[in-house]
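A quick write-up on the structure given underneath.
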Amino acid sequence: APIVMLGGNVGVGTTGPGHLLDIQGTSGGVDKALVSLRDDRTTAGANENYVFEVTRQNVDTAALLLGNDNNGDVVIAANNANLRFGKHLGSFSEYMRITSDGNVGIGTTGPGAKLEVYGTTTGQIAKAVLYDAGTTNAPNLLTLNHDSSVQPTIPGAGTLGFGSEISFTAPRNSGSGTVTQATIGTAYFGSGGNSSALYFQTAYDATTTTRMLIDHNGNVGIVTTGP
């Protein structure tokens with residue numbers, strides 16, 4: 001491919017480079033990228049071999065390092081900084097970050113634990129799903145959910161306040177899709193404004209019903225809200 005210099009820009013495969021280095025061409029598909037970087041240095045085990053770096057603004061200190069190790073693993077490293085993931089559409093929107101101390105945040109820029117997940121301020125606040133794609137109807141094995149629509153119904157007491165749930169799902173015995181088999185949850189319940197209850201639900205014919213409740217006083221009710 002021709003190499004062109006235009007106004008201080010270098011073009012490979014283009015006569016009108018629009019960047020300091022502009023490379024254009026047609027990839028060859030799998031294992032045939034437009035640009036290939038190779039490091040012939042060998043190290044033992046998991047020691048890193050960096051072949052590409054992005055420096056911080058206006059200094060020669062590395063910010064992002066890409067490479068591999070002698071085990072064949074890919075290495076992506078931020079140099080003592082947060083690693084941010086997102087999309088750019090006019091401006092950058094962050095979806096996930098790995099902090100410099102190793103915490104992972106999804107929907108939050110300041111995770112204080114190994115994993116913190118935040119959602120929107122209305123509707124579904126946070127949801128995490130363990131998913132099994134290897135079965136017939138691909139059920140969610142376990143769902144952790146906090147949602148403004150989660151208001152369980154207790155026989156004789158009507159609908160409880162908002163809360164959080166852990167639900168277990170499985171493929172339907174007949175037909176397609178999945179069904180919730182059981183739920184464990186919490187909800188506001190009782191005379192106190194911040195009192196809560198812990199409830200347990202099972203399903204009959206795809207409809208979940210609360211079978212047991214532990215109220216804020218520690219009383220246990222089985223199919224009753226007044227233990």
- Quick one: closest heavy-atom pair of Arg97 and Asn82, and the distance? NH1-ND2, 2.9 Å

- Should we count CG of Leu21 as having more than 12 external heavy atoms under 6.0 Å? yes

- Item | Phe85 reachable from Val104 in the ILVMFWY side-chain graph, under 4.5 Å edges | yes

- Item | Closest approach of Met212 to Ile222 (non-hydrogen atoms, all atoms of both residues) | CG-CG1, 4.1 Å

- Item | Test item: side-chain donor near acceptor, Thr202 and Arg211, under 3.5 Å | yes

- Residues, nucleotides or ligands: over 12 heavy atoms within 6.0 Å of Tyr204 OH: no

- Task: Using the side chain to side chain contact (heavy atoms under 4.5 Å, CB included) rule, pick out the option among Asn9, Ile3, Val10 that qualifies with Pro17.
- Result: Asn9

- Task: Enter the distance from Gln24:CD to Leu34:CG here, rounded to the nearest 0.5 Å.
- Result: 9.5 Å

- From Arg38 CZ over to Asn49 CG, what is the distance, rounded to the nearest 0.5 angstrom? 12.5 Å

- Query: In terms of hydrophobic clustering (I, L, V, M, F, W, Y; side-chain heavy atoms under 4.5 Å; direct or indirect links), are Val4 and Val12 co-clustered?
  - Reply: no

- Note on the structure: All heavy atoms of Lys114 vs all of Asp101, minimum pair found to be NZ-O, 4.2 Å

- Indicate yes or no: at least one non-hydrogen side-chain atom of Leu64 is less than 4.5 angstrom from one of Ile76. yes

- Checking side-chain contact (heavy atoms from CB on, under 4.5 Å) for the pair Phe200/Ile214: CA distance, chi angles, key distance, verdict? CA-CA 9 Å; Phe200 300 82; Ile214 304 174; 4.3 Å; yes

- Item | Nearest heavy-atom neighbours spanning Ala77 and Tyr50 | CB-OH, 3.7 Å

- Item | Polar side-chain atom of Asp69 near backbone of Asn71 as donor-acceptor pair, under 3.5 Å | yes

- Message: Show, in sequence, the C-alpha distance, side-chain angles and deciding distance for Asn68 and Val74, and conclude whether the side-chain contact (heavy atoms from CB on, under 4.5 Å) test is met.
- Response: CA-CA 4 Å; Asn68 52 35; Val74 175; 5.6 Å; no

- Message: With a 4.5 Å cut-off on side-chain heavy-atom distances among I, L, V, M, F, W and Y, is there a chain of contacts connecting Val117 to Leu83?
- Response: yes

- Applying side chain to side chain contact (heavy atoms under 4.5 Å, CB included) between Phe52 and each of Leu37, Asp39, Leu65, report the one that passes. Leu37

- Query: With Glu48, which residues qualify under salt bridge (charged side-chain N to carboxylate O under 4.0 Å, His left out), at least two apart?
  - Reply: none

- Task: For the residue pair Val54 and Leu66, establish whether any side-chain heavy-atom pair is separated by less than 4.5 Å.
- Result: no

- Query: When rounded to the nearest 0.5 angstrom, what is the spacing between CD1 in Ile106 and CG in Leu115?
  - Reply: 5.5 Å

- Note on the structure: On a heavy-atom basis, the closest approach of Ala81 and Ala78 is O-CB, 3.4 Å

- Note on the structure: What one should report as the nearest heavy-atom pair of Ala197 and Asp215 is CB-CA, 4.2 Å

- CD1/Ile184 to OH/Tyr199 distance, rounded to the nearest 0.5 angstrom? 10.0 Å

- Query: Just how far is it from atom CG of Asn217 to atom CG of Asn219, taken to the nearest 0.5 Å?
  - Reply: 5.5 Å

- Message: Under 4.5 Å between side-chain heavy atoms, counting indirect links through other Ile/Leu/Val/Met/Phe/Trp/Tyr residues: same cluster for Leu20 and Ile23 or not?
- Response: no

- What's the spacing between Glu116 CD and Thr108 OG1 if we round to 0.5 Å? 6.0 Å

